[in-house]
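We're numbering straight along the sequence, starting at 1.
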Amino acid sequence: MKEESLKEELSKEELIDQLILLEWKAFDKVENEGGRADCQNNFLTFQVMRRSQYLTWNEELLSSFIQDFLEANERGWNLITEKYGRMMESTAPEEFEKIKEQFPVISPEKKAIIEAIVEIEVKWDEEFAKAYPRLSSQGRSIHTGEDNLYNTSSETYLRGELSTYSDRTLGLYGAFVADYARRGENLILDTVKNTVLLYGYPSLDAAEKALETQKEQEG
């Protein structure tokens with residue numbers, strides 16, 4: 001049976017599981033200049049973070065990104081290596097200059113779509129940080145201007161990830177984000193809500209309160 005037929009028969013949860021496994025296998029093979037990173041040995045955290053994101057996606061988008069990984073695997077290309085490499089344009093520009101020729105060229109049109117998506121999601125991130133400052137502080141800093149060798153912002157991470165999407169997947173993701181924006185909803189909030197639920201909290205408010213209590217006890 002063809003891969004396309006198999007995917008059509010999978011439930012959303014099964015698609016998410018397949019995508020996380022494809023990502024993890026690629027992530028596991030990423031070679032870092034300073035050696036293997038600790039996070040490459042922590043599948044539990046990895047799968048919670050990625051599942052939190054993918055639970056917001058629809059089946060068509062999940063299937064398209066799965067196809068991106070399958071196609072990359074067929075040509076011996078690691079999308080996760082590319083993602084982290086592209087982030088270095090901001091976090092380690094001198095090193096990026098040495099490797100940038102390895103990556104596929106991104107057209108001006110695709111860059112424009114990526115930047116439009118990034119602009120929307122940065123605003124969502126800022127709104128989330130105002131509403132849930134404790135939870136926000138547990139994650140990445142928001143803006144590319146805060147990047148350095150030891151800190152990769154959410155903005156830079158998103159830009160790196162979107163740059164690895166095929167034109168097909170980026171188009172679907174752009175439509176997905178635009179639909180979220182039209183509904184006046186916040187994708188970042190929904191993603192973090194999934195994270196706290198997966199960690200056993202009943203709600204975002206409960207998780208925020210728990211962090212406030214912890215801070216008070218430490219103080």
Practice prompt. Quick one: do Phe43 and Asp28 satisfy side chain to side chain contact (heavy atoms under 4.5 Å, CB included)? Show the steps, please.
Written response: CA-CA 10 Å; Phe43 177 71; Asp28 185 58; over 6 Å; no
For this session: Let me see the working for Lys123 and Glu127 under salt bridge (Lys or Arg N to Asp or Glu O under 4.0 Å), right down to the final yes or no.
Result: CA-CA 6 Å; Lys123 289 179 181 177; Glu127 291 170 3; over 6 Å; no
request  = For salt bridge (Lys or Arg N to Asp or Glu O under 4.0 Å), just list the numbers for Glu155 and Arg159, CA-CA rounded to whole Å, side-chain angles, deciding distance to a tenth of an Å, and then say yes or no.
outcome  = CA-CA 6 Å; Glu155 179 182 354; Arg159 187 176 287 113; 2.8 Å; yes
Would Trp24 and Gln47 count as a side chain to side chain donor-acceptor pair (under 3.5 Å) here? Give the steps. CA-CA 8 Å; Trp24 176 254; Gln47 70 92 15; over 6 Å; no
For Glu95 and Lys98: C-alpha separation, side-chain torsions, deciding distance, then whether side chain to side chain contact (heavy atoms under 4.5 Å, CB included) applies. CA-CA 5 Å; Glu95 291 303 313; Lys98 300 174 184 178; 3.1 Å; yes
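Each of Phe176, Tyr165, Tyr173 was compared with Phe65 under the ring pair (Phe, Tyr, Trp, His ring centres under 6.0 Å) criterion, and only Tyr165 meets it. Of the residues Val192, Leu197, Thr195, the one that meets the side chain to side chain contact (heavy atoms under 4.5 Å, CB included) test with Leu204 is Val192. Checked options Leu162, Asn78, Val30, Thr164; the residue passing with Lys83 is Thr164 (criterion: side chain to side chain contact (heavy atoms under 4.5 Å, CB included)).
Distance check, rounded to the nearest 0.5 Å: CG of Leu170 to CG of Asp68 gives 10.0 Å. Note that CG of Leu10 is 9.5 Å distant from CG of Asp17, once rounded to the nearest 0.5 Å. To the nearest 0.5 Å, the span separating CG on Leu189 from OG1 on Thr56 amounts to 11.5 Å. Interatomic distance, OG1 of Thr81 versus NZ of Lys29, reported as 10.0 Å (0.5 Å rounding). Here the OG1 atom belonging to Thr152 is positioned 11.5 Å from the CD atom belonging to Glu146, to the nearest 0.5 angstrom. Here the CG-OG1 distance, from Leu62 to Thr169, works out to 10.0 Å after rounding to the nearest 0.5 Å.
Residues Leu15 and Leu19 fail the side-chain proximity criterion, which asks for heavy atoms closer than 4.5 Å. Under the 4.5 Å side-chain criterion, counting only non-hydrogen atoms from C-beta, Pro104 is in contact with Trp77. Side-chain contact between Asn151 and Arg140 is absent, with no heavy-atom pair separated by less than 4.5 Å. When side chains are defined from C-beta on, Leu135 does not count as touching Tyr201, because their heavy atoms never get closer than 4.5 Å. Under the 4.5 Å side-chain criterion, counting only non-hydrogen atoms from C-beta, Thr91 is not in contact with Phe96. Using a 4.5 Å heavy-atom threshold, the side chains of Arg51 and Asn194 count as separate. Between Arg134 and Gln214, every side-chain heavy-atom pair lies at or beyond the 4.5 Å cut-off. The shortest distance between side-chain heavy atoms of Tyr84 and Phe27 falls below 4.5 Å.
A salt bridge links Glu82 to Arg86: one of the charged nitrogens lies within less than 4.0 Å of a carboxylate oxygen. With salt bridges taken as basic N to acidic carboxylate O contacts below 4.0 Å, one links Glu161 and Arg50. Taking a cutoff of 4.0 Å between a charged side-chain nitrogen and a carboxylate oxygen, Lys130 and Glu126 do not qualify as a salt bridge.
Looking at Gln53, its side chain never comes within 3.5 Å of a backbone N or O of Thr191 through a donor-acceptor pair. Remark: side-chain polar atoms of Lys12 are paired, donor with acceptor, to backbone N or O of Leu55 under 3.5 angstrom. Between the side chain of Ser63 and the backbone N or O of Glu59, at least one donor-acceptor pair lies under 3.5 Å. Judged purely by atom type and a 3.5 angstrom limit, Ser64 has no side-chain atom pairing as donor or acceptor with the backbone of Glu60.
When the side chains of ILVMFWY residues are joined at heavy-atom separations under 4.5 Å, either directly or via intervening members, Phe69 and Leu21 end up in two distinct hydrophobic clusters. Note on Leu149: it does not cluster hydrophobically with Ile99, by side-chain heavy-atom contacts below 4.5 Å among ILVMFWY residues.
Heavy atoms of other residues, nucleotides or ligands lying less than 6.0 angstrom from NZ of Lys193 number 12 at most. Counted within 6.0 Å of CD on Glu94, heavy atoms from surrounding residues, nucleotides or ligands total 12 or fewer; the atom is thus considered open.
Under the 3.5 Å distance criterion, with hydrogens and angles disregarded, a donor-acceptor pair is assigned to the side chains of Ser153 and Asp147. Side chain to side chain, Glu14 and Gln18 fail the donor-acceptor criterion of an N or O pair below 3.5 Å.
Relative to the ring axis of Tyr180, Arg183 places its NZ or CZ within 45° and under 6.0 Å from the centre.
Here the closest non-hydrogen pair linking Lys110 and Ser166 is NZ-C, 4.0 Å.
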